[in-house]
Protein chains: 2
Amino acid sequence: MKLSDGIEQAIHSVTMLARLEADAVLSASSLAEFHGVSTSYLLKHLQALSKAGILATVPGPKGGYRLGRTPVAISLLDIVLAIEGPAPAFRCNEIRQRGPNPLPERYFKAPCGINTAMLRAEQAYRAELAGVTMADLIADLARADDGGIAARGCAFLDQHQRKPAR
Amino acid sequence: MKLSDGIEQAIHSVTMLARLEADAVLSASSLAEFHGVSTSYLLKHLQALSKAGILATVPGPKGGYRLGRTPVAISLLDIVLAIEGPAPAFRCNEIRQRGPNPLPERYFKAPCGINTAMLRAEQAYRAELAGVTMADLIADLARADDGGIAARGCAFLDQHQRKPAR
Ligand code: FES
Ligand code: FES
């Protein structure tokens, strides 16, 4: 089981976009450059975040991305589900109903207990992710920083953020 | 994020092997037949379970698989880690250290807060899986059964279990 590398890129991109001045945007290629990743790969994930309302897209040659809502309204779970899709990691193929001498359907009205137990664990995972907002994470990152990390981000933004005409 | 289909097959196989008479074994092809899955695919997972000590393998033409320890000593987490490997689903690529104008190493002694938050959620997932033993699951499955499911399993075992010479 492996999460997409896009998750790390998406979360870091959101923390970066949270530093933008009001009404400014950042292009996909700037976000990719800052994080040292492929623009085309990152673009796919930025589009997924836009579709989920986590980012807003400003089209056009001076366009780019900004947050679609405030950091306190974006949880880690929102980002993981936007990138990975809503399906649970465990997917029951109903193998209890396969094989020789099948039993009548009435035996299988309730979900398989194995499926239930696996999904219960995923609920615990999702609850933990839902409890962490991007505002929490940004505060965590700031606490671990004497100012150098923030300054590097701000210097990059000063150079690369765009103010689209409105 | 998707778990291997082998997880469902492995857990169901363990519940099946828990029904074996003492010293009896079941072949990979019988386990595959009972669950309506491919023998070669299942075999790979049975070997991973053996390597983890969850199953014991009896070699030879009358050989096969039985439990390597009692159901109360096998958790869902044991099975998931045997099949999926120990690596966490989230893998930090240290993208905070990439890109232009890199900062000195001293900024990155502590793990990234994003990595920490993602791993904390996986700990919650694993703790939940660790808290469910195969003995619990077998009891759950029995509670949801008026006897028909157990009888089908026993009839199959009567026909297919092997008693290797010792
Ligand atoms: S039938 Fe799918 S987990 Fe039991
Ligand atoms: S650098 Fe990997 S999660 Fe932050």
Side-chain angles (χ1 to χ4, degrees), chain A residues 1-5 7-9 11-12 15 33-37 76-77 80 84-85 87 89-93 95-104 107 110 112-118 120-129 132 136-137 140-141 143-146 148-149 152 155-156, chain B residues 1-5 7-9 11-12 15 33-37 76-77 80 84-85 87 89-93 95-104 107 110 112-118 120-129 132 136-137 140-141 143-146 148-149 152 155-156:
Chain A
M1 177 167 58
K2 186 178 179 311
L3 285 164
S4 159
D5 287 337
I7 302 281
E8 181 186 19
Q9 300 178 17
I11 301 170
H12 272 279
T15 65
E33 183 193 348
F34 185 73
H35 294 111
V37 300
L76 280 181
L77 182 63
V80 169
E84 294 282 341
F90 181 81
R91 301 183 200 161
C92 169
N93 292 309
I95 66 172
R96 64 182 177 165
Q97 299 195 48
R98 300 196 199 159
N101 306 317
L103 290 167
Y107 280 99
C112 176
I114 292 168
N115 191 14
T116 306
M118 292 300 294
R120 201 182 303 125
E122 287 200 57
Q123 273 314 106
Y125 177 64
R126 292 186 175 197
E128 198 71 33
L129 291 178
V132 181
D136 300 329
L137 264 188
D140 275 1
L141 294 173
R143 252 192 303 275
D145 181 12
D146 67 4
I149 294 175
R152 173 175 174 259
F156 186 90
Chain B
M1 179 166 61
K2 188 180 178 310
L3 285 164
S4 159
D5 287 338
I7 302 280
E8 182 186 18
Q9 300 177 16
I11 302 170
H12 272 279
T15 66
E33 183 192 347
F34 185 72
H35 295 110
V37 299
L76 279 181
L77 182 63
V80 169
E84 293 283 340
F90 181 81
R91 302 184 200 160
C92 169
N93 292 309
I95 66 173
R96 63 181 177 166
Q97 298 195 47
R98 301 197 199 158
N101 305 317
L103 289 168
Y107 280 98
C112 177
I114 292 169
N115 190 14
T116 306
M118 292 300 295
R120 201 183 301 125
E122 288 201 55
Q123 274 313 108
Y125 178 63
R126 291 187 176 196
E128 198 71 34
L129 291 178
V132 180
D136 299 329
L137 264 188
D140 275 2
L141 294 172
R143 252 192 303 276
D145 180 13
D146 68 3
I149 294 175
R152 173 175 173 259
F156 186 89

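- When A:D140, A:T116, A:L137 are compared by the number of non-hydrogen pairs under 4.5 Å with chain B, A:L137 comes out ahead.
- The candidate with the highest count of non-hydrogen atom pairs below 4.5 Å against chain B, out of A:R96, A:R120, A:M118, A:Q123, is A:M118.
- Residues satisfying the ring pair (Phe, Tyr, Trp, His ring centres under 6.0 Å) criterion with B:F156, sequence neighbours excluded, are B:F34, B:H160.
- Side-chain contact check for B:H35 versus B:H12: some heavy-atom pair is nearer than 4.5 Å.
- When heavy atoms are compared at a cutoff of 4.5 Å, A:T15 approaches chain B solely by way of its side chain, counted from C-beta outward.
- Only the side chain of B:D145 comes within less than 4.5 Å of a heavy atom of chain A; its backbone N, CA, C and O stay farther away.
- With a 4.5 Å cut-off on non-hydrogen atoms, B:I114 touches chain A through its backbone and its side chain both.
- Here the closest non-hydrogen pair linking A:C112 and B:L141 is SG-CD2, 4.2 Å.
- At a threshold of 4.5 Å between non-hydrogen side-chain atoms, the residues B:N93 and B:R98 count as touching.
- No other option in B:A89, B:A127, B:A87 has as many heavy-atom pairs under 4.5 Å with chain A as B:A89.
- Contact annotation for B:R152: only side-chain heavy atoms (C-beta onward) come within less than 4.5 Å of a heavy atom of chain A.
- Per-residue heavy-atom pair counts under 4.5 Å with chain B were compared for A:K2, A:R143, A:R126, and the maximum is reached by A:K2.
- Most heavy-atom pairs under 4.5 Å with chain B, from the set A:G85, A:G113, A:A121, A:A117: that is A:A121.
- For B:I149, the parts lying near chain A are the backbone and the side chain together; criterion is any non-hydrogen pair under 4.5 Å.
- In this structure, the side chain to side chain contact (heavy atoms under 4.5 Å, CB included) partners of A:D136, at least two apart in sequence or on a different chain, are A:V132, A:T133.
- Contact count against chain A (heavy-atom pairs under 4.5 Å) is highest for B:C92 among B:P102, B:S4, B:C92, B:A144.
- Separation of atoms CD (B:E8) and CG (A:N115) is listed at 7.5 Å; rounding is to 0.5 Å.
- A:Q9 touches chain B through backbone and side chain together, each having a heavy atom under 4.5 Å away.
- Atom OH of residue A:Y125 and atom CG of residue A:L77 lie 9.0 Å apart, to the nearest 0.5 angstrom.
- Using modelled atom types, one side-chain atom of A:E122 and one backbone atom of A:F90 make a donor-acceptor pair closer than 3.5 Å.
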